[in-house]
Amino acid sequence: MSDIWTALEQNRTAGESRRIFDMMSPERVERFSACLDDMFLDISKTSIDDEALDLLLQLVRERDVEGWRDAMFRGEKINTTEDRAVLHTALRNLSGDPVHVDGQDVMPEVLDTLAHMEDFSNGIRSGTIAASDGQPFTDVVNIGIGGSDLGPVMTTLALAPYHDGPRTHYVSNIDGADIHDNLAPLDPQRTLVIIASKSFTTIETMINAGVAVDWLKAALGDNFGAHLVAVSSAIDKTAAFGVPKDRVFGFADWVGGRYSIWGPVGLPLMLAVGPENFREFLLGGQDMDRHFRETPPERNMPVLLALTGIWHINICNYCTRAIQPYDQHLRRLPSYLQQLDMESNGKGVDRDGNSLTRASGPVVWGQVGSNGQHAFFQLLHQGSQIVPCEFLIAAEGHEPELQEQHALLVANCIAQSKALMRGRPADETPDPQRAFPGNRPSVTLAYRKLTPRTLGRIVALYEHRVFVEGIIWNINSFDQFGVELGKILAMEMLPLVQGKERTDKKDASTVALLKALKP
Ligand code: F6P
């Protein structure tokens, strides 16, 4: 194993008593930060010192992060376990440059699909593509789960100030309450249903889609097809639901589900905010791609963000990461990043199938600020576990009439990171219950305003951060075999729950639960 890890551990041990607050200086902030236009990433409130940063950057070189990055953008099959290229970046490539997979330029097809989405969105938004009675659609229900849900949900909430299209609703859960409660207030005559599933086999989505199709059929009879859209990589499977051919939006298998918001999975977002704003979102992603490809590691935002992750997980043994957007419109970002990060880097073996000797992805969780302050921040400040925090904050809100309130939001965000860092030493308070240990790390991502372009930059920043961490751990961040066992067992469990099979061969706990949950 590399000497760099040993040197990092020695640095940590030698600096056990160092205080982040004491290291702070303008020079430190200059070195421990990075910018992309108005976006500013501050990693200075961590315990990484100059030597540790040098070592972490050496790790980036030793692991050939830049070589892997270039291979990804070149369309090489870096998803080795599934023998696939990893090219969600092609979906936001509006540069005119070709992107090759197996010697074939994929951009003409990507751009054709984008144009198809734009024509369709313009038609729905203007009413020229109408419901079966010739009147415009007012509501869109997206049925999907995981990457076919979290990206559209998170981004439509994030860009709420830009909504001028139909209302969007999201159904994901196998729990019938989800589809029931979403459809109940809607008029099928005014509703467009999008069935979104990369595989078009996911049980939750297929069952919910069946319910929605029956709901449409009951109201519209044979005309229900005019109210259906499918988004999938498996376009051969979409006809079974009666989706007309010209209503199917396909994407290639080199787009991972949790990376798919940039293409047809983003259709509900495009319907809500319009093609121009969607293009801005893509341009934001492209900005971050360019920054990631062209900026040296020591000024590179995804690289620096990844290095804080490596430092916290592997060197400090902090096993969770709290995402705290001080931005109400980003309230679903923690859930989105949970899938992006934990499904990508929650792995136990390396690319060659060997057990990892170091921890990989952390537990990612979080809550919008300032709400979190009144819930779990007690533990963050005084609890016995240290949780690195990641704050996101805009200089401006979308409510000019509430500027005072925004100032309070900003003040709260900065105050929390400062309180975590500085604490309140025992010599400032006689009461141990009121002392704060401080020296608790955080990073802050600041930006001017949550525009579509900024949102694109934020999402791509986190994608590339996950990529860099995965390369350093030598894992494949683009498969997800860990989700499969539970799905298989659920199908085995179903006849037992339904009382169609005997339970006696099952373990005692399963038998007891089946008894308790008998219908
Ligand atoms: O079970 C996990 C998963 O495969 C995710 O990776 C994916 O985003 C989600 O299920 C939904 O998959 P699909 O889009 O194929 O329905």
Side-chain angles (χ1 to χ4, degrees), residues 79 81-88 91 113 117 141-156 170-175 178-179 193-213 228-241 243 248-269 332-348 360-361 364 459 462-463 466-467 470 475-494:
N79 177 357
T81 48
E82 295 180 316
D83 193 29
R84 288 177 184 164
V86 174
L87 275 179
H88 47 280
L91 301 179
T113 304
M117 287 168 64
V141 175
N142 187 79
I143 299 178
I145 196 164
S148 300
D149 169 67
L150 288 165
V153 175
M154 184 276 284
T155 54
T156 41
Y170 293 93
V171 173
S172 54
N173 202 334
I174 191 70
D175 185 339
D178 198 5
I179 187 121
V193 172
I194 302 176
I195 310 171
S197 173
K198 180 178 170 184
S199 59
F200 237 71
T201 57
T202 303
I203 190 78
E204 290 90 338
T205 304
M206 297 302 107
I207 296 286
N208 281 326
V211 173
V213 167
L228 274 184
V229 170
V231 169
S232 185
S233 290
I235 46 180
D236 50 315
K237 297 199 175 80
T238 57
F241 279 89
V243 184
V248 177
F249 297 85
F251 59 101
D253 68 0
W254 38 254
V255 179
R258 54 193 173 275
Y259 298 87
S260 62
I261 180 60
W262 311 98
V265 168
L267 187 61
L269 173 66
R332 288 303 299 277
L333 185 70
S335 310
Y336 177 81
L337 294 183
Q338 253 169 0
Q339 187 199 12
L340 177 66
D341 207 321
M342 294 169 77
E343 205 173 69
S344 296
N345 284 346
K347 308 282 164 67
S360 61
V364 176
V459 176
Y462 277 96
E463 285 178 353
V466 165
F467 171 84
I475 58 180
N476 179 4
S477 303
F478 300 101
D479 60 17
Q480 57 284 317
F481 297 114
V483 301
E484 283 177 7
L485 181 59
K487 291 184 189 176
I488 295 166
L489 291 184
M491 288 302 102
E492 280 179 29
M493 207 56 72
L494 185 59

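In each ligand, atom 1 is the first atom listed, and ligand 1 is the first ligand listed. All values below were derived from every heavy atom in this structure, side-chain atoms included, with hydrogens, water molecules and symmetry-related copies excluded.
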Enquirer: S360 and N345: side-chain donor and acceptor closer than 3.5 Å?
Expert: no
Enquirer: Might you work through the side chain to side chain donor-acceptor pair (under 3.5 Å) test for S233 and D253, ending with a clear yes or no?
Expert: CA-CA 6 Å; S233 290; D253 68 0; over 6 Å; no
Enquirer: Starting from atom 15 (O) of ligand 1, what is the nearest protein heavy atom, named by residue and atom, and what distance separates them?
Expert: S199 OG, 2.6 Å
Enquirer: Looking just at side-chain N and O atoms, do W262 and E463 make a donor-acceptor pair shorter than 3.5 Å?
Expert: yes
Enquirer: If the cut-off is 4.0 Å to any non-hydrogen atom of T202, which atoms of ligand 1 fall inside it?
Expert: 12 (O), 13 (P), 15 (O), 16 (O)
Enquirer: Which residue holds the protein heavy atom closest to atom 11 (C) of ligand 1, what is that atom called, and what is the gap in Å?
Expert: I145 O, 3.2 Å
Enquirer: Not counting sequence neighbours, which residues clear ring pair (Phe, Tyr, Trp, His ring centres under 6.0 Å) with F478? List them please.
Expert: Y259
Enquirer: Can you tell me which residue among R84, R258, K347 is in a salt bridge (Lys or Arg N to Asp or Glu O under 4.0 Å) with D479?
Expert: K347
Enquirer: May I ask which of K198, M206, K487 has a heavy atom nearer to atom 4 (O) of ligand 1 than the others do?
Expert: K487
Enquirer: Would you indicate whether the side-chain heavy atoms of D178 and N208 approach each other to under 4.5 Å?
Expert: no
Enquirer: Does Y336 have its ring centroid less than 6.0 Å away from the ring centroid of Y462?
Expert: no
Enquirer: Tell me the nearest of G482, G147, G256, G257 to atom 8 (O) of ligand 1, using heavy-atom distances.
Expert: G147
Enquirer: For atom 5 (C) of ligand 1, which candidate among E343, E204, R258 provides the closest heavy atom?
Expert: E343
Enquirer: Under 4.0 Å from any heavy atom of G146, which atoms of ligand 1 are there?
Expert: 8 (O)
Enquirer: Does ligand 1 have any atom sitting under 4.0 Å from a heavy atom of Q339?
Expert: yes
Enquirer: Under 3.5 Å between any N/O of S197 and any N/O of ligand 1: does that happen in this structure?
Expert: yes
